[in-house]
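Notes follow the structure.
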Number of protein chains: 2
Amino acid sequence: MNSRPAPNSNSRAPEEGKDNVTRLSEKREKILEGALRVFLAQGYSASMDAIAAEAGVAKQTVYSHFKDKHSLFSALIDRLLDHFVSAGLTADLLALDARSFIRKIAHITLSRMDDWEYVSLLRLIIGESGRFPELSELYVSHMVKPGIEKLAAYLRANEQVRFSDPEATARIIHGALINFVILQEVMHGKHAMPMSRERLINSIVDMVLFAGEQGKQSS
Amino acid sequence: MNSRPAPNSNSRAPEEGKDNVTRLSEKREKILEGALRVFLAQGYSASMDAIAAEAGVAKQTVYSHFKDKHSLFSALIDRLLDHFVSAGLTADLLALDARSFIRKIAHITLSRMDDWEYVSLLRLIIGESGRFPELSELYVSHMVKPGIEKLAAYLRANEQVRFSDPEATARIIHGALINFVILQEVMHGKHAMPMSRERLINSIVDMVLFAGEQGKQSS
DNA sequence: TGGATGCTAGACTAATCAGTATGATGTCTC
DNA sequence: GAGACATCATACTGATTAGTCTAGCATCCA
């Protein structure tokens with residue numbers, strides 16, 4: 001039986017042991033992975049045909065999992081934001097002394113310069129913040145706000161430093177770091193104005209600790 | 001004579017006293033102004049028809065002044081960069097004391113938050129830095145680099161402050177300011193995490209002066 | 001065995017868009 | 001007045017695209 005030559009063999013492997021739901025979400029996963037590569041590389045103007053091809057899936061399948069292009073895009077950005085949020089600052093960091101803490105935070109933030117996905121996501125969210133303001137607001141409220149609040153909470157709680165405005169101080173630190181990522185990687189500025197991460201980190205650490213020290217003396 | 005009803009009256013006013021060259025560049029100007037509004041509002045995906053309409057000009061006229069869409073876009077970005085570069089920091093600022101100087105720089109930088117054109121340009125250049133890396137590199141080398149260098153030169157020359165790394169310090173100040181613009185305006189974060197410009201500026205000034213003071217003592 | 005479901009390849013529609021072509025009008029210069 | 005030129009409105013070409021439709025295949029379950 002099944003003597004048919006099956007010219008376009010349906011490439012579905014049986015994979016016994018996986019139930020319907022699993023396989024369903026597997027397709028969804030493949031689509032999101034394809035969409036990730038294509039959207040991050042080409043921006044929102046990427047074509048749905050290209051995404052389906054990259055995902056190794058029929059276009060109709062894309063539309064059976066996602067209502068339209070906008071839904072797929074939003075789902076992808078949501079997922080990516082979740083992914084990067086989870087890699088934030090963890091509880092054990094809070095035990096560090098001020099100098100080590102700030103240095104660690106800075107290293108973590110700047111290490112994302114090497115992550116093509118992160119750099120592309122940053123470019124994409126900023127670039128589409130006109131067309132999709134809800135996505136950039138999601139980025140702000142889910143990634144930036146918690147990060148800055150945790151940093152501010154540390155600055156406020158730590159005995160070694162004292163600032164008149166920990167929130168604003170946290171923003172300065174965060175801004176100096178993220179802007180470095182944007183300038184060097186997103187905007188390809190690393191050739192025109194090279195600078196090592198270590199130099200930036202050293203200056204941030206010095207600056208913050210000097211100011212935190214001064215704040216203690218004057219209180 | 002001219003009894004023709006002239007249904008689509010050619011809206012060219014005679015404007016005697018203007019020579020050919022002037023009128024030529026007037027059309028070019030109208031096109032660039034239309035392109036400015038449309039590109040900044042819709043991004044590079046804006047249509048040439050929309051630009052011509054916004055400029056009040058026939059599409060063919062656009063193509064007689066600019067080779068293609070890419071050329072028009074590049075010319076526009078060049079022009080905008082020139083425009084904003086000229087509004088940089090002027091010589092008389094250098095005479096100010098450190099506190100006033102930094103405060104002034106910060107105010108000037110943050111005042112651009114109110115400028116829709118500037119905010120949109122920032123979004124556009126970052127967003128298209130994947131497709132048009134040469135434009136973001138132009139932004140870096142023409143706007144960011146000179147600004148940071150002048151700031152670093154002031155920090156190095158001024159007697160009231162001393163830093164182990166003025167270049168890196170300048171980057172921190174610049175990053176804190178620009179990132180505030182990006183977060184609050186470009187990414188619409190001002191509702192999710194409001195903060196007054198004055199708070200940020202005060203913290204930057206305090207931080208820099210404390211650190212600059214400390215640098216003097218330890219030298 | 002037979003129906004439901006998820007998938008596939010591919011064709012199709014309707015819209016949009018960059019860029020070109022046409023043909024006419026007004027202005028300037030000689 | 002004639003030719004050159006800039007511009008105009010409009011139509012067209014060719015390509016791309018989002019989203020739909022069709023028809024068939026494979027797997028699962030009752």
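Letters A, B, ... are given to chains in the order of the sequence lines, protein chains preceding strands, and every chain is numbered from 1. Because only heavy atoms are used, hydrogens play no part in the values below, and waters and symmetry mates are left out as well, while side chains stay in. None of these values were measured; they are calculated from a predicted model.
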Spacing of [X] atom [atom1] relative to [N] atom [atom2], expressed in whole Å:
X: A/Y44; N: D/dT16; atom1: OH; atom2: P; value: 20 Å
X: B/Q42; N: C/dC17; atom1: CD; atom2: P; value: 9 Å
X: B/K27; N: C/dG26; atom1: NZ; atom2: P; value: 14 Å
X: A/R28; N: C/dC7; atom1: CZ; atom2: C1'; value: 17 Å

Set of residues satisfying ring-ring contact (aromatic ring centres under 6.0 Å, His included) with respect to A/Y154, sequence neighbours excluded: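 By the ring-ring contact (aromatic ring centres under 6.0 Å, His included) rule, A/Y154 matches A/F101.
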Using ring pair (Phe, Tyr, Trp, His ring centres under 6.0 Å) as the criterion, point out the one residue from A/F73, A/Y139, A/F39 that pairs with A/F132.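 It is A/F73, the one option of A/F73, A/Y139, A/F39 that forms the ring pair (Phe, Tyr, Trp, His ring centres under 6.0 Å) with A/F132.
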Under 4.0 angstrom between A/H65 side-chain N/O and C/dC7 OP1 or OP2: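 For A/H65, the contact criterion (side-chain N or O under 4.0 Å from OP1 or OP2 of C/dC7) is met.
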Answer yes or no: does a side-chain N or O of A/T61 lie under 4.0 Å from OP1 or OP2 of C/dG6?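 No, outside the criterion.
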Using a 4.0 Å heavy-atom cut-off, does [X] contact any base of the nucleic acid, only the sugar-phosphate backbone, or nothing at all?
X: A/S47; value: sugar-phosphate
X: B/A46; value: sugar-phosphate
X: B/A52; value: nothing

Between B/R79 and B/E29, does any side-chain N to carboxylate O distance fall below 4.0 Å?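 Salt bridge present between B/R79 and B/E29.
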Electrostatic pair B/E167-B/R156, nearest N-O below 4.0 angstrom: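 Looking at B/E167 and B/R156, the cut-off is met.
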Indicate the atoms forming the closest heavy-atom contact of A/M113 with A/V119, along with that distance.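 Nearest pair, atom of A/M113 first, then A/V119: O-CG2, 3.7 Å.
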Side-chain donor-acceptor contacts of residues 45-53 of chain A below 3.5 Å, not counting sequence neighbours, with atom names and distances?
| from | atom 1 | to | atom 2 | distance (Å) |
| --- | --- | --- | --- | --- |
| A/S47 | OG | A/A50 | N | 3.0 |

Taking only nitrogen or oxygen atoms into account, show me every contact under 3.5 Å that the protein makes with nucleotides 19-22 of chain D, one pair per line with its distance.
| from | atom 1 | to | atom 2 | distance (Å) |
| --- | --- | --- | --- | --- |
| D/dG19 | OP2 | A/Y63 | OH | 3.1 |
| D/dG19 | OP2 | A/K69 | N | 3.0 |
| D/dG19 | N7 | A/K59 | NZ | 2.7 |
| D/dG19 | O6 | A/K59 | NZ | 2.9 |
| D/dC21 | N4 | A/Q60 | NE2 | 2.3 |

